[in-house]
2 protein chains.
Amino acid sequence: MKIGELSRRTGASIRSLRYYEAQGLIAPLRESNGYREYSPMAEDQVRTIRFYLQLGLTTEQIAGFLNCVLSRPETFCTEVLPVYESKLADIEAQIAQLKRIRDNLVDRISSFRGESEQGEGVSTRDERSERYEF
Amino acid sequence: MKIGELSRRTGASIRSLRYYEAQGLIAPLRESNGYREYSPMAEDQVRTIRFYLQLGLTTEQIAGFLNCVLSRPETFCTEVLPVYESKLADIEAQIAQLKRIRDNLVDRISSFRGESEQGEGVSTRDERSERYEF
DNA sequence: CTTGACCCTGACATTAATGGCAGGGTGTAT
DNA sequence: ATACACCCTGCCATTAATGTCAGGGTCAAG
């Protein structure tokens, strides 16, 4: 199939499909006129790429294990686990940082509410940690 | 004081101090030689700017209420609350999204652990599409 | 008068995936 | 042959604050 059809089938823009190729994630054949010709398997391949992108992995990381996971179960690919673990650490750190900012914002917002009557920051902290715990 | 000293006192790089000025957050006088001359109050002003930046607000948002909060308690500045609330909504959404990704990663990581004892993955396809769910 | 520590402006780079345009070729149906 | 849908490459833009040059003034001390 040609790039337009693959785009329609996968939801990836034509621009993105060309980008994945430039990043070495997919290698369509070329017809004599220069058009890309994708095999039917490309559809699954693109969906797999997009899934890993949604997990926040980079094209470079995906390139490191894509061939493996396309041909066998993910759990057989030893390259995948460290990538997951490193990404997970990133995510946890980001969440922690965002939580700090959020708590600060919540404090400051609640001090606006308190300002119209009297007492300042009551013991919002306990309520907050309950509500936001996860 | 000149820009180098203000930088040392506040921890903001010289580049950043110039940037804050370009964004309309601070307006030092100019000496006849073109050098910026900052009043002593600028030190507090820069610290205030940096604090709001740490909360994730943009220079544009900060510009919208900086004059007010510099001259009276924050809770008297009605421009601030909606900015906080909007930022808080962003943060909550980001946290929720990161949590989804994290949960997915945790699942996938734990499936590696289980795989060492379990039988093979016969149908790679089905497993993968199941786990693709967010 | 030179050195060295300051200061100035302006411009480009950074990150990563994607959008979008310009300028052009291909293929098919009318 | 002409319209139209499709494809190609290459390039610039995006976000927002900051880093980092280049090329050049200012000024005090020696």
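Below, chains carry the letters A, B, ... as their sequence lines are ordered, and counting in each starts from 1. The figures that follow rest on heavy atoms only: side chains count, while hydrogens, waters and symmetry mates do not.
Contact annotation: B/Arg15 does not reach the phosphate of C/dC8 (side-chain N/O to OP1 or OP2, under 4.0 Å). Residue A/Tyr35 has no polar side-chain atom (N or O) positioned under 4.0 Å from OP1 or OP2 of C/dG25. At least one side-chain nitrogen or oxygen of B/Tyr19 sits closer than 4.0 Å to the OP1 or OP2 atom of D/dA17. For A/Asn33 and C/dG25, the shortest distance from a side-chain N or O to OP1 or OP2 is not below 4.0 Å. At D/dA16, none of the side-chain N or O atoms of B/Thr59 fall inside 4.0 Å of OP1 or OP2 (strictly under the cut-off).
Between the CG atom of B/Leu29 and the P atom of C/dC8 there is a distance of 13 Å, rounded to whole Å. The nearest whole Å value for the distance from the CG atom in B/Leu6 to the C1' atom in C/dC7 is 14 Å. Per the geometry, CD belonging to A/Glu21 stands 15 Å off P belonging to C/dT18, to the nearest Å.
Counting only distance, with no hydrogens or angles, the side chain of A/Thr48 and the backbone of A/Asp44 share a donor-acceptor pair below 3.5 Å. For B/Gln45 (side chain) and B/Leu25 (main-chain N/O), a donor-acceptor pair under 3.5 Å exists by modelled atom type.
When each of A/Arg8, A/Arg9, A/Lys2 is tested with A/Glu5 by the rule side chain to side chain donor-acceptor pair (under 3.5 Å), just one qualifies, namely A/Arg9.
Residue B/Thr58 is the one, among B/Thr58 and B/Ser32, whose nearest nucleotide of DNA chain D lies closer to the 5' end (criterion: closest heavy atom).
The side chain of B/Arg18 approaches C/dT9 more closely than any other nucleotide in the set D/dG19, C/dT9, C/dG20. Among the nucleotides D/dT9, C/dC8, C/dG27, the one closest to the side chain of B/Arg30 is C/dC8. With C/dC7, D/dA17, D/dC8 as the choices, the nucleotide that has an atom nearest any side-chain atom of A/Ile3 turns out to be D/dC8.
Of the N and O atoms on the side chains of A/Gln61 and A/Tyr84, not one donor lies less than 3.5 Å from an acceptor on the other residue.
A gap of 24 Å separates the C1' atoms of D/dA16 and C/dC8, to the nearest Å. Using P as the reference atom, D/dT15 and C/dG19 are 14 Å apart when rounded to the nearest Å.
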